[in-house]
Amino acid sequence: MRVLEQWLAHSALLRSHADPGTARQLWLGVTRPGTAGTISGAIHRNTVKAWALQRGLTGDDGKPLKIHRGRIRTTHLAMRDRRGWNGQGRATIDPNHSPQVEGDHYLTATTPSQQRAVDALVEDAQHDLLRRAHPPTVVTDEDAAALARDYPQLINALQLDNTVIAELVGGEHDVFTAACADQLSGLHGPKGKPCPARPWVCLLCPLAVFAPRHVPNLLRLKAFFSRQWQQMPAAHFMVVFGPYSQRIGHVLDRFDPAVVADAAAAVGDHDEEAPLRPEETTR
């Protein structure tokens with residue numbers, strides 16, 4: 001709007017000399033500058049040609065450059081639409097809006113229910129960061145007494161009783177990647193329902209307990225990450241699998257190298273070893 005206001009102020013003098021029908025047009029020009037030419041709402045091609053000759057614009061062939069205003073306009077619009085967001089990691093609602101404008105217009109909570117929804121999103125994001133910072137719980141001795149003695153923080157945080165501890169150590173709560181302290185807790189789905197998370201999500205879940213019996217599946221998941229790394233763009237891989245691929249290394253490092261080496265002998269490098277969906281396969 002400011003550009004249009006500046007143009008109207010700039011063309012006010014010329015508009016005052018035009019007839020009422022022409023003065024109402026937005027764009028005005030003089031067909032023959034410096035002479036008693038007529039005022040027109042359209043720029044004549046001869047005016048554009050004279051402008052190019054005056055500034056010495058030539059093409060690759062050395063002849064006066066032919067200016068195609070339609071192509072210039074189309075190119076300008078295309079560049080304007082993509083200039084603010086092309087090549088950037090964030091996706092904007094409107095590429096011609098700044099992040100501040102988007103936040104003011106689209107992300108500002110205007111009602112109490114919207115404010116509660118925004119607060120819930122912030123809390124979920126904070127809890128996710130805390131879960132990622134939580135160290136993995138690795139059981140090095142399949143014994144309930146050793147688990148209670150060596151990992152009191154797990155007992156206090158999850159409020160586990162002796163029955164649950166025995167089930168975790170005995171394998172009754174096993175999923176593909178780890179043993180889950182409570183599959184109905186609703187961390188990744190509705191409370192009271194079985195957890196719908198994919199196998200690699202357990203790597204960052206505070207309810208996961210990793211035992212030596214899980215090492216083969218952890219290695220199979222690590223091989224899956226390697227195959228995905230080879231076929232996905234690096235930026236896309238880091239967004240989808242980056243945190244999990246880093247955590248799996250931390251988990252495996254806490255096991256005895258001999259246990260990892262023995263498990264690696266029974267691990268192949270194909271998708272049939274992991275519970276994958278058709279869209280997640282790599283070959």
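- The distance from the CE atom of M238 to the CD atom of Q246 is 5.0 Å, given to the nearest 0.5 Å.
- We find the CG-CG distance between L276 and L221 to be 8.5 Å, quoted to the nearest 0.5 Å.
- Looking only at side-chain heavy atoms (C-beta outward), T177 and W200 stay at 4.5 Å or farther from each other.
- Nearest heavy-atom pair, F255 versus L218, reported as atom, atom and distance to 0.1 Å: CE1-CD1, 4.1 Å.
- In this structure, F224 has its ring center closer than 6.0 angstrom to the ring center of F241.
- Going from atom CD of Q231 over to atom OG of S226 covers 12.0 Å, rounded to the nearest 0.5 Å.
- From R15, atom CZ reaches atom CZ of R24 across 11.5 Å, with rounding to the nearest 0.5 Å.
- The backbone N or O of L203 lies less than 3.5 Å from a partner atom in the side chain of R247, making a donor-acceptor pair.
- A donor-acceptor pair under 3.5 Å is formed between the side chain of H214 and the backbone N or O of A211.
- Taking OG1 from T282 and CD from Q230, the interatomic distance works out to 8.5 Å, rounded to the nearest 0.5 Å.
- Note on ring orientation: taking the six-membered ring where Trp is involved, the planes of W229 and F237 are perpendicular (angle over 60°, cut-offs 30° and 60°).
- Contact record, L65 with A52: O-CB, 4.2 Å, taken as the closest heavy-atom pair.
- Minimum interatomic distance between F176 and P199 (heavy atoms only, all atoms of both residues): CD2-CB, 3.9 Å.
- Considering only residues two or more places apart in sequence or on other chains, S16 meets the side chain to side chain donor-acceptor pair (under 3.5 Å) condition with none of them.
- Within a 6.0 Å sphere centred on NE2 of H270, other residues, nucleotides and ligands contribute more than 12 heavy atoms.
- Although no hydrogens or angles enter the test, the distance criterion places no donor-acceptor pair under 3.5 Å between the side chain of D271 and the main chain of T281.
- Put simply, SG on C195 and CG on L207 are 8.5 Å apart, with the number rounded to the nearest 0.5 Å.
- With hydrogens and angles disregarded, no donor-acceptor distance shorter than 3.5 Å links the side chain of E280 to the backbone of P275.
- The two residues A223 and D269 have their closest heavy-atom pair at CB-OD1, 3.9 Å.
- Other residues, nucleotides and ligands contribute more than 12 heavy atoms inside 6.0 Å of the CZ atom of R55.
- Residues E273 and V267 share a closest heavy-atom pair of OE2-C, 3.6 Å.
- When the side chains of ILVMFWY residues are joined at heavy-atom separations under 4.5 Å, either directly or via intervening members, V175 and V251 end up in two distinct hydrophobic clusters.
- Under the 3.5 Å distance criterion, the side-chain polar atoms of D19 are matched with a main-chain donor or acceptor of T22.
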